[in-house]
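These notes concern the structure reproduced below.
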Amino acid sequence: MTLLLVAAFFATALLYASVGFGGGSTYSALLIISGVDYRILPAIALVCNVIVVTGGVVRFRAAGELPIRQLLPYLVTSVPAAWIGGRLPISETLFVGLLGGALLVSGIHLALQKEQSGSRSMSRIAIPAPVGMAIGGAIGLLSGLVGIGGGIFLAPILYALGWGTPRQIAGASSLFILANSIAGLAGQISKLQDLEILAMAVPYWPLPLAVLFGGQIGSWFASRRLSPSIIRRLTAALILYVAIRLLLRWLESF
């Protein structure tokens with residue numbers, strides 16, 4: 001492990017925390033580019049995810065911007081699905097392809113996202129609870145497979161549905177990421193114990209420390225409302241860069 005990788009994790013956490021996400025997909029991508037065994041990537045990324053978004057969940061809850069009851073239909077299926085995804089064996093080629101695709105979608109979403117008013121939501125579109133459960137389950141399964149929290153996919157859906165104010169959606173996304181990351185991590189750890197390679201992740205202990213400090217600074221930026229559009233574009237640029245790197249690597253495997 002190099003200081004460059006630690007610095008990249010720090011910067012990723014700073015950028016993601018400033019726009020309300022955890023950064024799990026980018027952590028995994030950075031580890032792949034660094035040549036780390038793909039089987040331990042999701043566990044490392046999910047630990048970092050939990051560290052980054054926990055503080056956000058606490059802050060949104062304290063501010064009364066965390067409508068848990070509204071989020072329950074999504075969570076009730078996403079959490080077990082994330083655990084199942086974490087348990088499923090997956091080839092390196094499929095893992096890199098799924099992760100690269102997830103990053104590409106995430107980067108495009110952030111790059112094209114428009115400014116939202118912080119005090120009101122759009123007209124709300126009511127959807128049946130089973131539809132919310134299906135959405136949550138699909139995102140949760142992908143989250144567990146590739147070591148992401150899934151908030152980057154949930155947020156645009158909630159915006160399109162007029163689910164709440166931007167701050168409520170950010171709070172819901174943070175809780176969704178936290179719950180799925182914990183469930184996915186539990187599944188990944190079970191799988192790694194079966195493979196007897198869990199100890200391979202131990203030397204990467206500086207990475208959680210890096211995201212702890214980066215996430216705190218990113219949250220400070222968010223609370224000070226410092227150029228959110230510029231920070232979001234920088235985050236999108238980072239995501240798209242690593243997405244292209246991964247997808248090129250994936251194409252070379254054929």
- Item | Test item: Thr77 side-chain N/O and Gly137 main-chain N/O as donor-acceptor pair under 3.5 Å | yes
- What one should report as the nearest heavy-atom pair of Leu98 and Val146 is CB-CG1, 3.7 Å
- Message: Distance check, rounded to the nearest 0.5 Å: Leu99 atom CG versus Ile148 atom CD1?
- Response: 7.5 Å
- Would you say the side chain of Leu141 lies within less than 4.5 Å of the side chain of Leu88, judging by non-hydrogen atoms? yes
- Val105 reachable from Leu246 in the ILVMFWY side-chain graph, under 4.5 Å edges: yes
- In a check of side chain to side chain contact (heavy atoms under 4.5 Å, CB included) between Tyr16 and each of Val53, Asn49, Ile239, Val211, which one passes? Ile239
- Note on the structure: Shortest non-hydrogen pair, Arg87 vs Ser190, comes out as NH1-CB, 3.2 Å
- Should Ile68 and Arg61 count as side-chain neighbours, where that means a heavy-atom distance under 4.5 Å? yes
- Note on the structure: Tightest non-hydrogen contact, residues Ser28 and Gly147, listed as OG-O, 4.1 Å
- Determine whether Gln70 and Trp163 make a side-chain contact, defined as any pair of heavy atoms from C-beta on separated by less than 4.5 Å. yes
- Query: Under a single-linkage definition using a 4.5 Å side-chain heavy-atom cutoff for Ile, Leu, Val, Met, Phe, Trp and Tyr, are Val47 and Val58 assigned to the same hydrophobic cluster?
  - Reply: no
- Dump the intermediate steps for side chain to side chain contact (heavy atoms under 4.5 Å, CB included) on Leu247 and Val96, then the final yes or no. CA-CA 7 Å; Leu247 290 173; Val96 172; over 6 Å; no
- Single-linkage hydrophobic cluster, 4.5 Å side-chain cutoff, Val76 and Ile177 together: no
- Task: Could you tell me which residues satisfy ring-ring contact (aromatic ring centres under 6.0 Å, His included) with Tyr27, sequence neighbours excluded, listed by chain and number?
- Result: Phe9
- Between Leu31 and Leu5, is any pair of side-chain heavy atoms under 4.5 Å apart? yes
- Could you tell me which residues satisfy side chain to side chain donor-acceptor pair (under 3.5 Å) with Thr12, sequence neighbours excluded, listed by chain and number? none
- Find out whether Tyr74 and Leu158 are in side-chain contact, i.e. whether some heavy atom of one side chain is under 4.5 Å from a heavy atom of the other. yes
- Nearest-0.5 Å distance that lies between atom OG in Ser173 and atom CG in Leu154: 5.0 Å
- Item | Rounded distance [0.5 Å steps], CZ in Phe10 versus CD1 in Ile217 | 3.5 Å
- State, to 0.1 Å, how close Ala17 and Val52 come at their nearest heavy-atom pair, and which atoms those are. CB-CG1, 4.0 Å
- Task: Supply the atom-to-atom distance Ser253 OG to Leu248 CG, rounded to the nearest 0.5 angstrom.
- Result: 11.0 Å
- Message: If you define the side chain from C-beta out and look only at heavy atoms, does anything of Ile157 sit under 4.5 Å from Leu161?
- Response: yes
- Distance from Leu103 atom CG to Ile244 atom CD1, nearest 0.5 Å? 10.5 Å
- Item | Check against side chain to side chain contact (heavy atoms under 4.5 Å, CB included), Ile139 and Ile135 | CA-CA 6 Å; Ile139 297 175; Ile135 292 171; 3.9 Å; yes
- Query: Mind checking whether Phe213 and Leu14 have side chains closer than 4.5 Å, heavy atoms only?
  - Reply: no
- Message: As a quick check of understanding, evaluate side chain to side chain contact (heavy atoms under 4.5 Å, CB included) for Leu142 and Phe153, giving each step before the final call.
- Response: CA-CA 10 Å; Leu142 176 62; Phe153 296 112; 3.8 Å; yes
- Can you check whether Gln188 reaches Ile40 side chain to side chain, under 4.5 Å on heavy atoms? no
- Of all heavy-atom pairs linking Ile32 and Arg249, the shortest is O-NH1, 3.0 Å
- Message: Is there a continuous path of hydrophobic side-chain contacts, each under 4.5 Å between heavy atoms, that joins Phe176 to Met133?
- Response: no
- Can you check side chain to side chain contact (heavy atoms under 4.5 Å, CB included) on Leu30 and Leu4, steps first, answer last? CA-CA 10 Å; Leu30 290 170; Leu4 181 60; over 6 Å; no
- Note on the structure: OG of Ser34 to OH of Tyr204, rounded to nearest 0.5 Å, is 8.0 Å
- Query: Closest approach of Arg245 and Tyr241, non-hydrogen atoms and distance?
  - Reply: NH1-OH, 2.8 Å
